[in-house]
Amino acid sequence: MKFEDNIRNYIYGELEPPISGDYIDNYNPSTGEVYSQIPDSDERDVLRAVKAAERAFPAWSNCGVKKRFRIMMRIADIIEQNLDAFAKAESTDTGKPITLSRTIDIPRAQSNLRFFATAILHFASESHYMEREAVNYTLRRPIGVVGCISPWNLPLYLFTWKIAPAIAAGNCVVAKPSEVTPMTAFMLAQACKEAGLPPGVLNIVHGHGHKAGQAIVENPSVKAISFTGGTQTGKKIAEIAAPKFKKLSLELGGKNPNIIFADCDFEKMMTTTIRSSFSNQGQICLCGSRIFIEKHLYEVFKDEFVKRVKKLVVGNPFSEKTDQGAVVSSAHKSKVLDYIDLAKEEGGTILCGGKAVDVPKFEKGYYLEPTVIEGLSPTCRTNQEEIFGPVVTLIPFETEEEVVAYANSTEYGLSATVWTQNIGRAQRMAEKLDSGIVWVNTWLTRDLRTPFGGMKSSGVGREGGWEALRFFTEPKNVCLHL
Ligand code: NAD
């Protein structure tokens with residue numbers, strides 16, 4: 001399997017150009033060069049995809065879970081057999097280090113498919129017995145045609161995280177990857193063809209969010225939308241979908257606190273905090289961008305952290321030595337640099353980084369220094385707004401109450417990390433933090449059975465495990481009189 005110059009839509013089992021014949025340039029962030037073309041699809045392509053999904057739905061929803069299991073496992077196997085090609089495509093499209101694509105992104109896409117292929121075999125529903133009168137049972141049926149829309153930071157990882165539970169539960173899908181990083185979604189279409197997925201079960205329409213994406217949300221035959229992306233886009237989608245009474249799952253932005261108490265395991269905390277700050281150039285919704293450090297550890301933490309951040313290697317994503325590749329686009333690079341300027345205006349001190357990096361032979365690529373800032377108030381814009389790049393701030397605190405108030409002060413509530421050896425304190429913090437995920441003495445440890453999602457402006461609903469299968473099915477209570 002190899003990636004080709006012209007990406008095509010995947011509709012009713014065929015790879016086809018957009019009806020308009022128009023394309024969008026696809027950039028390689030590591031070189032700043034256009035390297036492929038993306039269909040600039042519109043509502044006509046979406047309509048074809050929806051009709052294809054409607055046509056496939058009766059057979060797919062009734063073919064039985066074992067058939068769905070077998071085909072999904074085959075798709076996962078094909079991705080695994082083509083690991084290197086998928087990883088190369090993901091790093092070319094996103095600028096992330098190849099080591100990350102090969103060990104995290106692509107293996108996780110395989111796991112998503114295998115997890116939900118097997119989960120559907122074990123999915124069960126409740127029954128409620130009324131003594132000598134009746135028995136109620138919950139019948140869960142697939143919804144029909146559903147829409148899955150995903151962002152650019154973890155392209156195949158998040159795309160399959162939505163598609164896998166949707167098709168496992170018997171739905172047919174119209175999906176749109178980000179127009180910034182569409183290549184592995186195109187390769188997924190090729191894998192689905194090879195695996196024998198029946199035409200129309202999964203349809204992939206490429207293009208801009210405001211055109212192709214919005215057409216999916218607006219289409220009356222699409223009964224549910226699973227979306228991951230920015231909070232502003234989530235609001236827009238909710239405005240369109242809510243009056244049409246569509247089921248909605250929204251996974252949105254974050255501004256996650258990383259809270260470090262002085263009694264932590266220092267080495268474990270330090271190694272993990274480097275990762276939680278800068279993995280994928282800080283472009284993971286779960287990165288801890290606000291680091292709160294207990295006051296009497298602050299100077300020790302700062303010295304060691306800055307020393308290690310300065311050693312991170314920024315450069316060619318295809319070198320095995322690279323820690324930090326390119327950020328995803330020129331526009332995103334400018335946005336992050338604007339936030340660094342804002343931090344300075346707000347009185348912050350740049351402890352390291354703060355500038356673009358010129359990588360020899362990759363001068364037009366979008367590289368940024370990992371940046372550490374101190375001296376900002378927890379309520380300033382830099383500490384309230386999502387930057388989504390390799391930028392963290394350091395903030396000292398004295399008491400549990402104080403740090404909980406700082407941590408909860410943003411509009412977001414996606415994830416939080418707490419470092420302490422005191423189990424009572426860990427439990428108190430987990431109760432008080434307003435976030436959908438609380439990691440204690442770890443970061444990004446993921447069990448796919450657990451509920452995943454955010455509070456406040458970080459989202460509505462939960463993905464993962466039974467939550468996802470419940471989202472993609474409609475419960476009916478059947479009451480049998482005895
Ligand atoms: P984005 O909101 O710009 O785009 C996400 C997707 O929505 C893309 O496919 C885009 O084309 C589409 N889209 C845009 N406008 C649309 C519209 N009007 N109607 C329908 N679809 C539309 O987000 P992004 O910049 O691609 O991703 C970064 C954001 O995603 C960050 O805020 C990050 O925190 C968030 N994110 C959240 C999670 C999570 O699990 N909560 C995971 C990853 C990323």
Side-chain angles (χ1 to χ4, degrees), residues 24 26 38-43 46 93-94 96 105 108 112 147-163 174-182 184-185 204-219 222 225-241 246 248-256 279-289 327-329 331-333 335-336 339 385-389 410-415 435-437 444 446 450-464 467-468:
I24 307 164
N26 189 18
I38 313 159
D40 184 4
S41 310
D42 59 31
E43 71 286 352
V46 169
D93 232 10
T94 57
K96 70 175 70 193
D105 289 72
R108 173 59 191 275
N112 290 339
C148 297
I149 301 176
S150 60
W152 50 255
N153 64 326
L154 301 165
L156 193 65
Y157 175 134
L158 290 176
F159 201 50
T160 51
W161 180 234
K162 298 181 172 307
I163 290 167
V174 178
K176 196 192 87 61
S178 168
E179 63 277 30
V180 185
T181 55
T184 48
I204 301 176
V205 181
H206 293 272
H208 288 297
H210 65 272
K211 256 162 110 175
Q214 197 154 320
I216 297 173
V217 180
E218 282 170 350
N219 191 294
V222 177
I225 302 286
S226 173
F227 169 79
T228 299
T231 295
Q232 287 310 319
T233 316
K235 262 186 204 162
K236 177 129 213 211
I237 288 175
E239 276 166 22
I240 298 167
K246 296 189 184 212
L248 269 185
S249 165
L250 300 174
E251 299 295 340
L252 310 175
K255 187 75 180 174
N256 310 307
S279 284
N280 202 32
Q281 297 72 248
Q283 302 165 130
I284 301 180
C285 53
L286 304 163
C287 278
S289 53
V327 297
V328 79
S329 67
H332 193 57
K333 178 182 163 190
K335 176 189 151 181
V336 175
Y339 267 108
E385 297 175 16
E386 186 184 42
I387 300 175
F388 213 53
T410 74
E411 65 166 313
Y412 298 107
L414 188 51
S415 72
S435 43
I437 302 155
L444 214 61
R446 290 280 296 120
T450 59
F452 178 89
M455 296 167 65
K456 304 195 285 186
S457 298
S458 289
V460 176
R462 292 291 181 271
E463 298 187 313
E467 302 279 346

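What you see below is based on every heavy atom in this structure, not just the backbone, and it leaves out hydrogens, waters and symmetry mates. Counting convention: from 1, in listed order, for ligands and their atoms alike. The first residue in the sequence is number 1, and the count goes up from there.
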Exercise. Are the side chain of K255 and the backbone N or O of E411 linked by a donor-acceptor pair below 3.5 Å?
Worked result: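 No, because the side chain of K255 does not come within donor-acceptor range (under 3.5 Å) of the backbone of E411.
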For this session: Ignoring hydrogens and angles, tell me if any N or O in the side chain of S458 forms a donor-acceptor pair with the backbone of G413 under 3.5 Å.
Result: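 Yes, because the side chain of S458 sits within donor-acceptor range (under 3.5 Å) of the backbone of G413.
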Exercise. Hey, are K211 and E43 close enough for a salt bridge, meaning a charged N less than 4.0 Å from a carboxylate O?
Worked result: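 No, no charged N to carboxylate O under 4.0 Å.
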Show the short N or O contacts, below 3.5 Å, that ligand 1 makes with protein N or O atoms; if there are none, say 'none'.
| from | atom 1 | to | atom 2 | distance (Å) |
| --- | --- | --- | --- | --- |
| ligand 1 | 2 (O) | G230 | N | 2.9 |
| ligand 1 | 2 (O) | T233 | OG1 | 2.6 |
| ligand 1 | 9 (O) | S150 | O | 2.8 |
| ligand 1 | 9 (O) | K176 | NZ | 3.2 |
| ligand 1 | 11 (O) | K176 | NZ | 2.8 |
| ligand 1 | 11 (O) | E179 | OE1 | 2.6 |
| ligand 1 | 11 (O) | G209 | N | 3.3 |
| ligand 1 | 18 (N) | Q214 | OE1 | 3.1 |
| ligand 1 | 19 (N) | Q214 | N | 3.4 |
| ligand 1 | 23 (O) | G230 | N | 3.3 |
| ligand 1 | 25 (O) | W152 | NE1 | 2.9 |
| ligand 1 | 26 (O) | W152 | NE1 | 3.4 |
| ligand 1 | 30 (O) | G229 | O | 3.3 |
| ligand 1 | 32 (O) | E386 | OE1 | 2.6 |
| ligand 1 | 34 (O) | E386 | OE2 | 2.5 |
| ligand 1 | 41 (N) | L252 | N | 3.3 |
| ligand 1 | 41 (N) | L252 | O | 2.7 |

Problem set entry | side-chain hydrogen bond (donor to acceptor under 3.5 Å, both in side chains) assessment of N280 paired with N153 | CA-CA 8 Å; N280 202 32; N153 64 326; over 6 Å; no
Problem set entry | Residues, nucleotides or ligands: over 12 heavy atoms within 6.0 Å of K335 NZ |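 Correct, the count exceeds 12.
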For this session: Determine whether Y412 and N256 make a side-chain contact, defined as any pair of heavy atoms from C-beta on separated by less than 4.5 Å.
Result: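 Sidechains of N256 and Y412: no contact.
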